[in-house]
Amino acid sequence: MSETAEKSLNFIEQIIEEDVKNGKHGARIHTRFPPEPNGFLHIGHAKAIYVNFTLAKKYGGVTNLRFDDTNPVKEDTKYVNAIKRDIEWMGFEWTGEPLYTSDYFEQLYGFAVDLIKKGCAYVDDQSPDEIAAQKGTPTEPGSHSPFRDRSIEENLELFEGMRNGEFEEGARVLRAKIDMSHSNMHMRDPLMYRIKKVTHHRTGDDWCIYPMYDFAHGQSDSIEEITHSLCSLEFENHRPLYNWFIEKLEIFPTRQIEFARLNLNYTVMSKRKLLRLVEDGVVDGWDDPRLPTISALRRRGYTPESIRDFAERVGLAKRNNIIDIGLLEFSIRDHLNKIAPRVMAVLRPLKVVVTNYPEGKTEYLTTENNPEDESAGTRELPFGRELFIEQADFMEDAPKKFFRLAPGKVVRLKSAYIIEYVDHKKDAAGNVTEVHVKYLEDSRSGQDTSGIKAKGTLHWVSAEHAKDAEVRLYDRLFKDEAPDSHKDRDFMEFINEDSLEIITNAKVEPSLVEAKSGDRFQFQRLGYFCVDSKYSTDGKPVFNRTVTLKDTWAKQKGK
RNA sequence: UGCCCCAUGGUGUAAUGGUAGCACACCAGAUUUUGGUUCUGUUUGUCAAGGUUCGAGUCCUUGUGGGGCAACCA
């Protein structure tokens, strides 16, 4: 992360620099990432993680990881582990041990008692429906609960009763006593505690009352002395309440700052919708490479560096945004171009016979592993009389701008020889089954004295030496740019039925059978591929296509 | 018909009262044993109307458009 002197600051950095300049909190910066352990992290979270961790680090601060586990109905330890793994994989380190809002339940209870004693909270015996009815609407004020003016003593007694399990679920709640006619709905006597006789993933059955988000999140920030609590725009309306509790409780004044969350086109990001895709079997689990979850991106072959680069590029502001998926693809191409070894793989093989090459002969040709990185070295490729090239690299009736193999054309085989078209065979259906060519013996790569210039260069594998491999090609999961933006159509209607193509008979160069789970390659002229962690077996790797190479030829064809 | 937030090329994001810049995308060209990479160049923008000012993307007013808020969810 090289910071050029010219680089302008985003609005949060400006706030932080102002705070540092003024010596606020001793110029200390402390942020937190507060996931609820009820689902998997996605690329939107990745931005929030990036923002919280890099901002703190930039100003010499640290970041807490705090699981916001105040709703035992939805939360589970299995998510805790997945979330920790994803953050670590992204390359970030939280300070100390992971923290949990549930660690503060006793303290939070004390805060509530304090508020009751100050006359700022009361126990309400009404049902959810009654409370909702009194809430009013955004344009009409609410009305007071008949229990609003209970004595402090009675409130204290009832609240303790709630804690002790004396009442049924839903029978009573604790509410803040603020203003039922406030223009901000969140200030109309919001709920602080509700009764839930549910086992919590960490505290077990110790509690049967649990604090609401609004009475847990800000207070946890205060307890941890978080200086800047960064959250998404939807919590803007909660900030007055956040500050009200800080003021009444006289606790550490964390400042909440909201920023716009990340949105990506051609996908969905909400946990609920992601869960539906998984449960309906549309995708193959939370880490299906077509999903925008961090575990899916990892499995697909994205690097942590590329995710961080992307998070930096999307910027930080308060404006709602929809980022083009193409930007994410740029980030991963940019990184993989520098680090991925180039290899030969033919996805849809077409047999080529080099008629003037000796039968039974094998020669080994040297090729560079990565033209962008000399230190990557070279390797030897077997070459023989029978080869496979890509079906799309031969055309019987080629347009003038087709730089590949066709009647009357010559092409270079990458790191090998220039070949010249001789003949081709077709089956009964008219499909080309075999192409015959002659090679130019004096055109060997690196020792070319033929004087011939070939316009195109093809990738290839030796038929005798090539290994079979399975390759999985992914396309966007949705056909619509914003599948969940249609008011009267379900996002599932926009599923792209062709988002996964499995090729079982790809031919790859022999070295690839030794590839290990997670290894990344550039299949020359095709794209970047990663050995799948789920379906690969020893000696039989399955390759996931991370992203294609930029393809200006395909673009031209489309015209 | 309440409150809060937002509005700069196709998409994002800068300019903090003084030349509207950067990235991605797009288009054109150069290089290339990957139609990749790299390099060069072009096109495209301040929501509207008033006001303040020598000067407004920036400040003020009023509109318009978009987003959020009425879960015992977070």
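Reminder, nothing fancy here: chain letters follow the sequence lines and each chain counts from 1. Keep in mind that the numbers below use all heavy atoms, side chains included, and drop hydrogens, waters and symmetry copies. What you see is a predicted model; the values in this text were computed from it and never measured.
When the C1' atom of B:G9 is taken as reference, atom CG of A:N321 falls 17 Å away, rounded to whole Å. Protein atom CZ of A:R239 is 17 Å distant from nucleotide atom P of B:C3, rounded to whole Å. Distance, A:F11 CZ to B:A7 P: 11 Å, rounded to whole Å. The separation between A:E329 atom CD and B:A23 atom P is 20 Å, rounded to whole Å. Residue A:I323 contributes atom CD1, which lies 13 Å from atom C1' of B:A25 at whole-angstrom precision. Rounded to an integer number of Å, the gap from CD1 of A:I322 to P of B:G10 is 15 Å. Whole-Å rounding puts the A:R66 CZ to B:A74 P distance at 13 Å. Protein atom CG of A:L328 is 14 Å distant from nucleotide atom C1' of B:U11, rounded to whole Å.
Heavy atoms only, all atoms of each residue included: A:D124 and A:S145 are closest at OD2-OG, 2.9 Å. Of all heavy-atom pairs between A:D189 and A:D179, the closest is OD1-N, 3.3 Å.
Here A:G446 lies in heavy-atom contact (under 4.0 Å) with a base. At the heavy-atom level, A:I418 lies nowhere under 4.0 Å from the strands shown. Base engagement by A:R319 is indicated by at least one non-hydrogen atom pair under 4.0 Å involving a base atom.
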*How does each nucleotide of nucleotides 34-43 of chain B score, in 5' to 3' order, for protein heavy atoms under 4.0 Å: base (B), sugar-phosphate only (S), or none (-)?*
BBBB------
*What one-letter contact string describes nucleotides 57-72 of chain B from 5' to 3', where B marks a base within less than 4.0 Å of any protein heavy atom, S marks contact via sugar-phosphate atoms alone, and - marks no contact?*
----------SBSB-B
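Checked against the 6.0 Å centroid criterion, the rings of A:Y100 and A:F67 qualify as a close aromatic pair. The ring of A:F40 has its center closer than 6.0 angstrom to the ring center of A:Y79.
Comparing B:G65 with B:A70, their P atoms are spaced 23 Å from each other, to the whole Å. Atom C1' of B:U64 sits at a distance of 29 Å from the matching atom of B:U43, rounded to the whole Å. Taking atom C1' in both B:G9 and B:C47, the straight-line distance is 14 Å, to the nearest Å. Straight-line distance between the C1' atoms of B:U46 and B:U38: roughly 34 Å, to the nearest whole Å. Rounded to a whole angstrom, the distance from the P atom of B:U40 to that of B:G18 is 30 Å. Separating the C1' atom of B:G55 from that of B:U62 is a span of 23 Å, rounded to the nearest Å. Using atom P as the reference point in both B:C73 and B:G10, the two lie 44 Å apart (nearest Å). For the P atom pair drawn from B:U37 and B:A23, the interatomic distance equals 16 Å after rounding to whole Å.
Here A:R313 pairs with A:D309 under the side-chain hydrogen bond (donor to acceptor under 3.5 Å, both in side chains) rule; sequence neighbours left out. In this view, A:Y417 and A:F383, A:Y439 satisfy the ring-ring contact (aromatic ring centres under 6.0 Å, His included) rule, not counting sequence neighbours. Under the rule for a salt bridge (charged side-chain N to carboxylate O under 4.0 Å, His left out), A:E441 has no partner lying at least two apart in sequence or in another chain.
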*asked:* Would A:T366 and A:E380 count as a side-chain hydrogen bond (donor to acceptor under 3.5 Å, both in side chains) here? Give the steps.
replied: CA-CA 5 Å; A:T366 303; A:E380 304 294 297; 2.9 Å; yes
*Evaluation steps, side-chain hydrogen bond (donor to acceptor under 3.5 Å, both in side chains), between A:R32 and A:H217*: CA-CA 11 Å; A:R32 104 269 91 112; A:H217 195 102; 2.8 Å; yes
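When each of A:Y242, A:Y193, A:F235 is tested with A:Y213 by the rule ring-ring contact (aromatic ring centres under 6.0 Å, His included), just one qualifies, namely A:F235.
With respect to the salt-bridge test (charged N to carboxylate O, under 4.0 angstrom), the residues A:R150 and A:D125 qualify. Taking the charged nitrogens against the carboxylate oxygens, A:E509 and A:R379 do have a contact shorter than 4.0 Å, which makes a salt bridge. At a threshold of 4.0 Å, the pair A:E234-A:R261 counts as salt-bridged, since one of the basic side-chain nitrogens sits closer than that to a carboxylate oxygen.
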*Under a 3.5 Å cutoff on both atom distances, Watson-Crick or G-U, what's the dot-bracket for RNA chain B ([ ] crossing, | other strand)?*
.((((((..((((....[..))))..((((.......)))).....(((((..]....))))))))))).....
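Taking the nucleotide of RNA chain B with the nearest heavy atom to each of A:G315 and A:A454, the more 5' of the two is matched to A:G315.
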